[in-house]
> 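Below are the structure tokens for one structure; questions will follow.
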Amino acid sequence: GQNIDQPTEMTATEGAIVQINCTYQTSGFNGLFWYQQHAGEAPTFLSYNVLDGLEEKGRFSSFLSRSKGYSYLLLKELQMKDSASYLCAPLGTYKYIFGTGTRLKVLA
Amino acid sequence: DAGVTQSPTHLIKTRGQHVTLRCSPISGHKSVSWYQQVLGQGPQFIFQYYEKEERGRGNFPDRFSARQFPNYSSELNVNALLLGDSALYLCASSWGQGNSPLHFGNGTRLTVT
């Protein structure tokens, strides 16, 4: 079957670090993507992992463990504009499966 | 460069009617995917087209159909609309059908009354 599990909601303070976890099960695996979606807007691409390990991209990093079906998105030096939903999306055979997303609230 | 464009942005229909949603991908992108997103949920996969052929279909009834044109633009058709079809319909394009990131349009907000 195909299943994705992420926390529904997280709260953090401006300037802090937050880790959003994602566990997944998919039919076929061709990598895992993270997307950011602000309320009322379309999702935008953040990061991609196909091999195990950490990918760093400025304030955002993403980690993948294929054997554990696990990924996380790490956001450093949080800013108010980071308040959004973060979608974990493993790529199966020809299709991305999106989780419900984690709604992150950044407080001043 | 223009991003993914979708039309219309908003639409109100009555139960039983049909609707056609349109999408133009980023220039050079050959793959178009359609997603349905209801409030508080992640996007649900409906279809993927690559080089004008259907390459994937999600768990949606046959009332949902789509096609991709020679210029790679795409249409999503929904027949016999139900109240539960009310959602944001997102189109996303990508360069290939494999591991290239999706670029989303701003979506069409469909309300069925």
> Would you say that more than 12 heavy atoms from the other residues, nucleotides or ligands in this model lie under 6.0 Å from the CD1 of B/I12, or not?
no
> Which bit of A/Q37 comes within less than 4.5 Å of chain B, counting heavy atoms only: side chain, backbone, both or neither?
side chain
> Taking atom OG of B/S94 and atom CZ of A/F45, what is their separation to the nearest 0.5 Å?
11.5 Å
> Is there a path of hydrophobic side-chain contacts, each under 4.5 Å between heavy atoms of I, L, V, M, F, W or Y residues, that connects B/Y49 with B/F64?
yes
> For each of A/P43, A/S85, A/A42, tally heavy-atom pairs with chain B at distances under 4.5 Å, and name the one with the top tally.
A/P43
> NZ of A/K105: more than 12 outside heavy atoms within 6.0 angstrom?
no
> In terms of heavy-atom proximity below 4.5 Å to chain A, should B/F47 be classed as side chain, backbone, both, or neither?
neither
> Show which side-chain atoms of residues 101-113 of chain B pair as donor or acceptor with protein atoms under 3.5 Å away, not counting sequence neighbours.
{"unit_1": "B/T108", "atom_1": "OG1", "unit_2": "B/P8", "atom_2": "O", "d": "2.5"}
{"unit_1": "B/T113", "atom_1": "OG1", "unit_2": "B/K13", "atom_2": "O", "d": "3.4"}

> Looking at B/L39, I'd like to know if its CG atom is crowded, meaning that more than 12 non-hydrogen atoms belonging to other residues, nucleotides or ligands lie closer than 6.0 Å.
no
> Centres of the A/F98 and B/F45 rings: under 6.0 Å?
no
> Minimum heavy-atom separation for B/G42 and A/L87, please, with both atom names.
CA-CD2, 4.2 Å
